[in-house]
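Fair warning: this is a prediction, and the values are worked out from it, not measured in the lab. Throughout, protein chains are lettered first and strands after them, A, B, ... in sequence-line order, and every chain is numbered starting at 1.
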Amino acid sequence: MHLEMIGITVLWTFLYGYLIVASIDFGAGFFSYYSMLTKQEHIINKVIDRYLSPVWEVTNVFLVFFFVGIVGFFPDTAYYYGTALLLPGGIALLLLSIRGSFYAFANYGARKSKTYLFLYGMTGLFIPASLSTVLTISEGGFIEKRGEHIVFLPWELFTSPYSWAVVFLAIVSILFISASFLTYYAYKAKDRPAMEILRTYALSWSGPTIVASFLVFVSLARHNPQHFARLMDYAWMFGLSLLFFLGAVYLIWRKRSLGWAFVLVMFQFAAAFYGYGVSHLPYLLYPYVTVHSALTNTTMGWALVGAFIAGLFLLVPSLILLLRLFLFSAKYVQGGK
Amino acid sequence: MKAILVWIGGSIMDPLILSRILTAETLGFHIIWATIGVGVPIFIFLAEGWGIYKKDPHYILMARRWTRGFVITVAVGVVTGTSIGLMLSLLWPRFMQLAGNVISLPLFLETFAFFFEAIFLGIYLYTWDRFKPIIHWLTCIPIIVGSSLSAVFITTVNAFMNTPAGFTLKNGNTLTNLRPLEAMMNPATPTKVAHVLSSAYVTAAFLLGGIAAYAIMRGRTEAYYKKAVKLTMIGGLILSLATAIAGDLSGKFLAEYQPEKLAAAEWHFETQKRAPLIVGGYLDENNQVRGAIKIPLALSILAKGDPNAEITGLNDVPKELWPPLYVHYLFDGMVGIGFYLIFISGLFLALWIWKRGNPWHPWVMAGIVLAAPLSFVAIELGWIYAEVGRQPWMIRGIMKVSEGVTTSEQVGLLLTLFTMLYVALAVIATSVLIRMFRKNHPEKELEERRIIL
Ligand code: HDD
Ligand code: HEM
Ligand code: HEM
C-alpha cells in the first residue's frame with residue numbers, strides 16, 4: 001500500500017471511531033437535558049452517567065488524534081484549512097471546551113446545576129453541526145485560492161442546501177447512534193423503564209436518519225457532480241449500509257439482541273462513512289489539495305506509521321481493559337461497584 | 001496619547017499581534033492546568049503507596065481527596081490543550097506546514113500518551129473499591145507515565161523551535177534529508193525536558209503542601225494535615241533542588257546554543273571573560289545597567305562552570321535579532337522563586353527533623369502557603385522568558401514569527417471569545433473546587449470512613 005493510503009486510512013478510521021464514541025456522548029448530553037425538561041431524568045440519567053463518567057476523556061482524544069495526525073501526514077492541510085477555517089474552527093473549539101469542562105464540573109463537582117446540563121446538552125448538538133461543515137467544505141466551492149491568499153466564503157456555505165443537509169444528517173445520526181447504544185446499555189443494566197424510553201428515542205430518530213441521508217445524496221449531486229458520480233461507483237456500500245440499518249431497526253423494534261442491533265448500527269455507519277471517504281479520494285480539499293500533493297516526506301511518513309503501530313500495541317490492550325471494566329462487566333453496568 | 005490610540009487601532013487590525021496575544025494567553029492558561037496534570041499524579045501515587053505500606057488510612061484519604069480535585073483540573077487541562085492543538089494550525093498555518101514536516105512525530109506520539117493517560121484515569125477513578133489496594137495503586141503508574149510523557153513530547157517540539165535540527169535546508173525554504181528522531185533529540189531537548197518535568201513536579205508539591213499548611217494556619221489540628229505537609233515538603237525539597245540543577249544546566253545550554261537569550265536575560269552587552277551576574281536594576285537610555293547587584297564571576301560560572309570562561313554579549317548579535325530586554329526581570333523572578341522554594345522547604349524540614357523550634361509555627365506555615373502561588377508564577381515567568389527570549393524567531397534561524405502567522409482578519413473576534421472562555425473557566429473551576437472541598441471536610445470523611453483520629 002502507498003504511504004498516503006495508509007495515512008488516510010488510519011486517520012479515517014480514527015475519525016470513524018470518534019464519530020461513534022462522540023455520537024454516544026453528544027446524544028447522551030441531549031437526552032439528559034431533554035429528560036430533565038420532561039421530568040424523566042430520574043429514569044434514564046443513571047444509565048447515561050454510568051457509562052459516560054469513565055470514558056469522556058477518551059472520546060476527546062480520538063478527535064485530537066485525528067487533527068494532529070492529519071497535520072502530521074498531510075502538512076499542507078494545516079495551511080489551507082488553517083487559514084480558511086479560523087472562525088468556524090475556533091467556534092467549534094469554543095463549544096468543545098465548554099462541553100468538556102462543564103461535563104466535569106457537573107459530574108465530579110459537588111452539585112448538579114441546570115445551567116451546566118443545558119450547556120452540556122445544547123453543545124452536543126452544535127458541535128457536530130460545526131464539525132460536519134469541515135466535510136462540507138472539503139467538497140470545494142467554499143474555499144478559494146486568489147493569488148497567494150486563501151479565502152473562505154462563509155456566505156456560500158451558509159446558503160448552500162448541501163451544507164444544511166449535512167448538518168441535518170449529522171444531528172439526527174448522533175441522536176440515532178446514541179439512542180441505540182443507550183438502549184442496549186440500559187438493557188444490560190436490567191433497567192427496563194430506561195430501556196423503554198431510550199428505545200422509543202432510537203426508533204423515532206431512525207426515520208429522520210434515512211431522510212437526511214437521502215437529502216445529502218440529492219444535494220451533493222447538485223453541488224459536486226463529479227464526486228457524486230464517483231459515489232455512484234460505490235453504490236453497493238451504501239446499499240449495504242441501508243441493509244444494516246433495516247436490520248438494526250428491526251431488532252430494536254422487536255426488542256431482540258439489542259447488542260447486535262447496535263453492532264449493526266455501527267456497520268451501517270461504517271459502510272456509509274468509508275463509502276463516502278473512498279469516493280472522496282484523492283481529494284482532501286477539492287480541487288486544491290490531494291493526498292498525493294499534501295503528503296509529508298517519506299521519512300516522516302514512515303516514522304509516523306511506525307509510531308502508530310507501536311502505539312497500537314499499547315492502546316488496544318488498554319482500551320480492551322477499559323471496555324471490560326465498564327461496558328462488558330455486568331456487575332458494574334447494573335450498578336454494583 | 002494620539003500615538004497610543006494609533007498603536008491600539010493598528011494592533012486591533014494586525015493579525016500578527018492578535019495571534020501572539022491569543023497564543024500566549026492560551027498557552028499561559030493551559031500550562032497552569034497541564035503542570036498540575038503532570039505533577040499531582042506523582043503525589044497521589046506516593047500518598048496511596050505510603051498509606052498501603054504503613055496501613056495508614058490518612059494517606060489513602062489524602063490520595064482520594066487529591067484525585068477528586070485532580071479530575072477537575074485535568075478537565076480544564078484537556079479542553080485548553082485541545083484548543084492549543086487546533087489553534088497552532090489555525091493561527092500559525094505556515095509554521096505548521098513547515099514544521100509539520102519535521103516535528104510532527106512527537107506531536108503524534110503525544111496523542112498516544114494522552115490516550116494512555118485518559119484510559120487509566122478513567123480506570124483509576126472508578127475502581128477504588130473494586131480492585132485490591134495494591135492493584136489499584138499500580139493503575140496510577142500509567143497515569144504518571146502518560147502525563148509525564150506528554151510533557152516530554154511537547155517539550156521536544158518547543159526545544160526544536162529553539163535549536164532546530166534533523167534536516168538540511170535547501171534554497172532557504174525547503175527542508176530535505178529529514179531525520180525525525182534527530183529533530184526530537186535536538187540540543188535543547190535534554191535540559192529543557194529535565195527542567196520542565198522537575199518544575200512541574202515541584203509545583204505540585206507546593207500546591208498540595210500549601211493547601212494543607214493553610215488548613216493548619218486556620219487552626220486545624222488533625223494529624224491528617226501534618227502528614228500531608230511532611231510528605232509534600234520532603235518531595236518539595238528534593239524536587240526544588242533538582243529544578244535548580246536542571247535550571248543551571250539550561251543556562252549552560254543557552255550559553256552554548258542560544259547566547260543571545262542568556263545575554264538578554266543577564267543584560268550582558270560586551271563579550272568578556274570573568275563575567276559578573278546582574279540581579280535586578282534597570283537600564284538607562286544608553287543601555288547602561290543601573291542600581292543592580294553585581295555578583296562577580298557568577299555569570300561565567302552559571303554559563304560555563306568556569307570563572308574564567310568567556311561569555312558572548314549582545315553587542316556581538318545584530319540589533320534586529322535582539323530579544324526584548326525586559327526578559328531580565330522574568331529570569332530574575334524565576335530564579336528568586338527557585339531559591340525561595342529551596343529555603344522554605346529546607347527550613348521546615350530542618351525544624352522538624354532536628355526538633356528545634358516549632359515547625360508548625362504560623363509563620364512557617366504561611367511561608368509554605370505563599371510558595372504555592374509563587375511556584376505557579378515561576379512557571380509562567382520561565383515560559384514567557386523562554387518564548388520571548390526566542391524573539392524575533394519562531395523557529396530560530398529559519399522562520400520569523402511574522403512569517404508564520406495567518407492572514408485571516410478575524411483573529412480579534414476569536415481573541416475576545418476565548419478570553420471570555422478562559423475567565424469563565426478559571427472562575428468556575430476554582431469555585432467548583434472550593435465548594436467540593438468545603439462541603440467535604442477531611443474530618444467528616446474520616447468519621448464516615450470510621451478512621452480514628
Ligand atoms: C517552578 C518553576 C521553576 C523554577 C523554580 C525555576 N524554573 Fe527555570 N524554567 C521553568 C520553571 C522554573 C520552566 C517553566 O519549566 C521553563 C520555561 C521553559 C523551559 O524550558 O522551562 C524554565 C526555563 C528556564 C531557562 C531557559 C531555558 C531555555 O529557554 O531553553 C533557564 C536558563 C532556567 N529556567 C534557569 C533556572 C534557574 C537557574 C533556576 C534556579 C533555581 C530556575 N530556572 C528555577
Ligand atoms: C510545543 C510547544 C510550543 C509552541 C509550538 C509554542 C509556540 C508559540 C508561538 C507560535 C508563539 C507566538 C509567537 C511568539 O511570540 O514567539 C508563542 C508565544 C508564547 N508562548 Fe509558546 N509555544 C510552545 C510552548 C509554550 C508553553 C508550554 C508556554 C507556557 C506558558 C508558552 C508560552 C508562551 C508565551 C507566554 C508566549 C508569548 C510570547 C510573546 O509575548 O511574544 N509557550 N509560542
Ligand atoms: C504548544 C504546546 C502544547 C500543546 C499543543 C498541547 C496540547 C495538548 C492537548 C491537545 C491536550 C488535550 C489532550 C486530551 O484530549 O487528553 C493537552 C493536555 C495536556 N497537556 Fe498540553 N499542550 C501543550 C503544552 C503542554 C506542556 C508544556 C505541558 C507540560 C508541562 C503539557 C502537558 C499536558 C498534560 C499533562 C495534559 C493532559 C491533561 C492534564 O492531565 O491536565 N502541555 N495538551
Side chain, backbone, both or neither: which part of B/Tyr124 has an atom under 4.5 Å from a heavy atom of chain A? neither
Exercise: identify the closest heavy-atom pair between A/Leu312 and B/Phe112: N-CE2, 4.2 Å
Can you name the residues that form a side chain to side chain contact (heavy atoms under 4.5 Å, CB included) with B/Ile60, not counting sequence neighbours? B/Glu48, B/Ile52, B/Trp128
How about B/Leu421 and A/Ile98: do any of their side-chain heavy atoms sit closer than 4.5 Å? yes
Smallest separation among heavy atoms of B/Ser104 and A/Gly72, with atom names: CB-CA, 3.4 Å
Using non-hydrogen atoms and a 4.5 Å limit, figure out which bit of B/Leu181 sits close to chain A: side chain, backbone, both or neither. neither
Given A/Val64, which partner from the list B/Val78, B/Thr111, B/Leu107 fulfils the side-chain contact (heavy atoms from CB on, under 4.5 Å) test? B/Thr111
Contact part of B/Ala113 toward chain A, heavy-atom cut-off under 4.5 Å: side chain, backbone, both or neither? neither
Determine, stepwise, if the pair A/Leu93 / B/Thr82 fulfils side chain to side chain contact (heavy atoms under 4.5 Å, CB included). CA-CA 8 Å; A/Leu93 206 50; B/Thr82 311; 4.3 Å; yes
On the 0 to 90° scale, with breaks at 30° and 60°, tag the A/Phe308-B/Phe108 ring pair as parallel, tilted or perpendicular. tilted
Within a 6.0 Å radius of atom CZ on A/Phe126, are there more than 12 heavy atoms belonging to other residues, nucleotides or ligands? no
Using a 3.5 Å cut-off and no angle test, enumerate the donor-acceptor pairs between side-chain atoms of residues 14-21 of chain A and protein atoms at least two apart in sequence or in another chain.
from: A/Tyr16; atom 1: OH; to: A/Met266; atom 2: O; distance (Å): 2.6

If I measure from the heavy atoms of chain A, does B/Leu105 come under 4.5 Å with its side chain, its backbone, both, or neither? both
When heavy-atom pairs shorter than 4.5 Å are enumerated against chain B, which of A/Ser97, A/Gly69, A/Ala310 gives the highest number? A/Ser97
